[in-house]
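What follows is one structure encoded as structure tokens, with my remarks underneath.
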Amino acid sequence: MEQTQQEKLQAQQEREQAQQQFNFAQAALEKAIEKKLESVDPDSYQMFIDNLATLTPKEEDIFNLYVQGCSTKDIISQLGITENTLKYHNKNIYSKLGVKTRKELLQYIELMRNAEH
């Protein structure tokens, strides 16, 4: 019986420690997001958000797969398209959203995700 109480106490302490670590990580993440936001031109980001509505249905499908974290290979496989077709759509997506690279696209997607939370 005494051992069970000790185990409960230890479990409670471990849970509290885990919660503290989570809170610390959450604060660090929020700080990192703020830093990223500072490095992004607000007008460019607003153009990105505004122009999402201009994507064609296929471009939207591809964009949403990027939002879900899919890789190039995943997208090609899921949509049953060739790499060249994906490159063609990516070029159009980048042009419409005002980004130059996939890295920039993914950065804006991350900002968009965090803005929703």
Between Leu106 and Met47, is there shared hydrophobic-cluster membership here, with clusters defined by ILVMFWY side-chain heavy atoms closer than 4.5 Å? no

Donor-acceptor side-chain pairing of Ser71 and Asp74 below 3.5 angstrom: yes

Results of side chain to side chain contact (heavy atoms under 4.5 Å, CB included) for Asn23 - residues two or more places apart only: Gln19

Kindly assign one of parallel, tilted or perpendicular to the pair Phe63 and Phe48, based on the angle between their ring planes and the thresholds 30° and 60°. tilted

Step-by-step side-chain contact (heavy atoms from CB on, under 4.5 Å) determination, Gln107 to Glu110: CA-CA 5 Å; Gln107 181 183 20; Glu110 188 62 31; 5.7 Å; no

Just do the side-chain contact (heavy atoms from CB on, under 4.5 Å) check on Thr82 and Ile76 with the steps written out, would you? CA-CA 6 Å; Thr82 66; Ile76 289 169; over 6 Å; no

With a 4.5 Å heavy-atom cut-off, do Asp61 and His89 have their side chains touching? no

Nearest heavy-atom pair of Cys70 and Gln78: which atoms, and what distance? SG-NE2, 3.7 Å

Return yes if a side-chain donor-acceptor contact under 3.5 Å exists between Gln68 and Asn64, otherwise no. no

Please report the C-alpha distance between Asn90 and Tyr66 in whole Å, then the side-chain angles of each, then the deciding distance to 0.1 Å, and finally whether the side-chain hydrogen bond (donor to acceptor under 3.5 Å, both in side chains) criterion is met. CA-CA 11 Å; Asn90 280 345; Tyr66 281 125; 3.0 Å; yes

Can a donor-acceptor pair be found, under 3.5 Å and without considering hydrogens, that links the side chain of Glu104 to the backbone of Lys100? yes

Do Asp41 and Tyr45 make a side-chain contact, defined as non-hydrogen atoms from C-beta onward lying under 4.5 Å apart? no

Hey, mind stepping through Val67 and Met112 against side-chain contact (heavy atoms from CB on, under 4.5 Å) and telling me if it holds? CA-CA 9 Å; Val67 170; Met112 186 180 75; 4.0 Å; yes

Result of checking Glu7, Gln6, Lys8, Glu14 against Gln10 for side-chain hydrogen bond (donor to acceptor under 3.5 Å, both in side chains): Glu14

Under the side chain to side chain donor-acceptor pair (under 3.5 Å) test, residues paired with Thr101 that sit two or more places apart: none

Is there a side-chain contact between Thr56 and Lys96 (heavy atoms, below 4.5 Å)? yes

Hydrophobic clusters here meaning ILVMFWY residues chained together by side-chain heavy-atom distances under 4.5 Å, can you tell me if Tyr88 and Ile93 are in one? no

Quick check: closest heavy atoms across Leu97 and Leu105, and the distance to 0.1 Å? CD1-CD1, 4.0 Å

Heavy-atom closest contact (Thr54 atom, Asn51 atom, distance): OG1-O, 2.6 Å

Side chains of Leu111 and Tyr108 in contact at under 4.5 Å (non-hydrogen atoms): yes

Gln12 and Glu16 side chains, donor-acceptor separation under 3.5 Å: yes

Nearest 0.5 angstrom please: Lys73 NZ to Leu86 CG, how far? 13.0 Å

Does a side-chain heavy-atom distance below 4.5 Å link Leu79 with Leu65? yes

